[in-house]
Amino acid sequence: MRNRKTCFLTGVTFIALFALLTLLIMTIDVRPVGQNGTNIGFATFNTGFHALTGANMTLYTITDWLGLVPIFICMIFGGVGLLQLIKRKSLFKVDKDIIILGIYYIIVIMAYLIFEMIPINYRPIPIEGIMEASYPSSTTLLVLSVMPTLVEQAGRRLSDDVIRKLIAAFAVLFSLFMVIGRLISGVHWFTDIVGSVLLSIGLYYLYKGCVLSCRKEA
């Protein structure tokens with residue numbers, strides 16, 4: 001009971017912090033220093049950090065392609081759910097945590113689409129000549145939302161402790177590389193990455209709280 005409540009509280013807290021950061025980005029030190037004079041919040045800090053890192057398109061390309069890894073993981077769990085549905089011949093007989101996971105992935109995608117339609121700011125540099133929405137970093141959001149679920153699902157479904165530890169180590173190292181890579185590649189403002197970290201942590205803990213509630217009922 002305590003773990004479930006802690007997860008929900010942590011999730012709500014980080015979602016609130018993300019909402020607060022979004023509001024601050026829209027109100028503090030907002031200046032037209034982005035592409036084509038678009039407004040950027042925390043302009044002094046963001047532009048200063050971007051000037052420090054510059055743009056590394058090779059690193060951007062690498063992290064962009066590696067963004068397919070969490071998508072592949074989503075497909076794996078989608079396949080698990082589909083196989084259970086075919087074998088058990090009823091959606092209600094599919095493992096509840098897999099159903100919750102599917103809903104969670106849909107929510108993550110919806111969060112990405114919302115900020116694509118309502119851009120808070122734009123990338124520091126154009127991508128192939130096109131201005132793209134920058135906040136929050138979609139790749140960072142996807143990685144940090146999906147990789148923890150890989151560890152969580154592996155911990156529940158695999159019995160081999162060595163394999164579980166290897167998966168956990170891979171998830172941590174991969175996530176660190178992707179977050180740092182997106183940060184120093186120069187295709188995002190610093191606050192884009194922070195926003196994604198806050199939002200993904202919040203969403204994950206809400207997902208985990210739902211899974212714990214489901215297991216409690218079972």
Side-chain angles (χ1 to χ4, degrees), residues 1-19 64-117 136-179 196-218:
M1 177 69 76
R2 180 177 299 176
N3 288 338
R4 180 179 59 181
K5 288 185 176 180
T6 299
C7 284
F8 281 127
L9 180 59
T10 302
V12 170
T13 299
F14 275 90
I15 294 292
L17 288 174
F18 169 74
D64 211 39
W65 278 103
L66 287 177
L68 294 174
V69 172
I71 294 176
F72 179 67
I73 292 171
C74 291
M75 293 173 63
I76 290 176
F77 287 122
V80 172
L82 180 60
L83 288 175
Q84 289 185 2
L85 177 61
I86 294 172
K87 183 178 180 179
R88 301 172 185 178
K89 299 179 180 179
S90 173
L91 180 62
F92 297 104
K93 293 182 180 179
V94 175
D95 292 350
K96 289 183 179 180
D97 63 313
I98 289 293
I99 294 176
I100 293 172
L101 184 62
I103 295 172
Y104 167 68
Y105 287 158
I106 291 172
I107 291 173
V108 171
I109 293 172
M110 288 177 60
Y112 161 72
L113 292 176
I114 287 172
F115 285 99
E116 282 292 308
M117 293 184 294
S137 165
S138 56
T139 301
T140 304
L141 175 63
L142 182 63
V143 169
L144 295 185
S145 295
V146 171
M147 299 310 290
T149 65
L150 172 63
V151 177
E152 186 263 342
Q153 286 286 332
R156 184 182 312 112
R157 297 180 179 276
L158 299 179
S159 57
D160 192 316
D161 192 50
V162 174
I163 295 179
R164 288 187 298 188
K165 287 181 179 179
L166 287 174
I167 290 175
F170 165 74
V172 170
L173 293 175
F174 180 79
S175 298
L176 284 174
F177 174 79
M178 291 296 285
V179 172
S196 289
V197 171
L198 294 176
L199 180 57
S200 57
I201 292 175
L203 291 175
Y204 171 72
Y205 274 99
L206 290 179
Y207 151 77
K208 190 173 181 179
C210 290
V211 171
L212 290 176
S213 297
C214 171
R215 295 183 66 191
K216 184 70 176 179
E217 292 173 1

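Bear in mind the structure is a predicted one, so any value in this text is a computation, not a measurement.
Nearest heavy-atom pair across Arg164 and Gly155 is NH1-O, 3.2 Å. Nearest heavy atom pair, residue Cys214 against residue Lys96, reads SG-CB, 2.9 Å. Minimum heavy-atom separation, Gly209 to Arg4: O-CG, 3.7 Å. Contact between Val146 and Cys74 at its shortest, heavy atoms only, is CG2-SG, 3.7 Å.
Using a 4.5 Å heavy-atom threshold, the side chains of Phe174 and Leu66 count as touching. Between Arg157 and Asp97 the shortest side-chain heavy-atom distance falls below 4.5 Å. Within the 4.5 Å cutoff, side-chain heavy atoms of Gln153 are placed close to those of Ile98. Under the 4.5 Å side-chain criterion, counting only non-hydrogen atoms from C-beta, Ser138 is not in contact with Phe115. Within the 4.5 Å cutoff, side-chain heavy atoms of Ile167 are placed close to those of Leu158.
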Donor-acceptor pairs under 3.5 angstrom involving side-chain atoms of residues 81-88: please list them, not counting sequence neighbours.
unit_1 : atom_1 : unit_2 : atom_2 : d
Gln84  : OE1    : Arg88  : NH1    : 3.4
Gln84  : OE1    : Asp95  : N      : 2.9
Gln84  : NE2    : Asp95  : OD2    : 3.0
Arg88  : NH1    : Lys93  : O      : 2.7
Arg88  : NH1    : Asp95  : OD1    : 2.8

If you look only at distance, which donor and acceptor atoms sit under 3.5 Å apart when one is on a side chain in residues 10-19 and the other is two or more places apart or in another chain?
unit_1 : atom_1 : unit_2 : atom_2 : d
Thr10  : OG1    : Thr6   : O      : 2.7
Thr13  : OG1    : Leu9   : O      : 2.7

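At a threshold of 4.0 Å, the pair Asp161-Lys165 counts as salt-bridged, since one of the basic side-chain nitrogens sits closer than that to a carboxylate oxygen.
Looking at residues two or more places apart in sequence or on another chain, you find a ring-ring contact (aromatic ring centres under 6.0 Å, His included) between Tyr207 and Tyr104, Tyr204.
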Worked check of side chain to side chain contact (heavy atoms under 4.5 Å, CB included) between Leu141 and Leu199
CA-CA 7 Å; Leu141 175 63; Leu199 180 57; 3.9 Å; yes
Apply side chain to side chain contact (heavy atoms under 4.5 Å, CB included) to Met178 and Leu144, showing your working.
CA-CA 9 Å; Met178 291 296 285; Leu144 295 185; over 6 Å; no
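With hydrogens and angles disregarded, a donor-acceptor distance shorter than 3.5 Å links the side chain of Ser200 to the backbone of Val197.
Summarising the geometry, atom NZ belonging to Lys208 is positioned 13.5 Å from atom CG belonging to Leu101; distances are rounded to the nearest 0.5 Å. Here the CD1 atom belonging to Ile76 is positioned 4.0 Å from the CZ atom belonging to Phe72, to the nearest 0.5 angstrom. Here the straight-line distance linking atom CD1 of Ile100 with atom OG of Ser213 works out to 7.5 Å at 0.5 Å rounding. How far OH of Tyr205 is from SG of Cys210: 14.5 Å, rounded to the nearest 0.5 Å. A distance of 12.5 Å separates CH2 of Trp65 from OG1 of Thr139, quoted to the nearest 0.5 Å. A distance of 4.5 Å separates CG in Leu150 from CD1 in Ile73, rounded to the nearest 0.5 Å.
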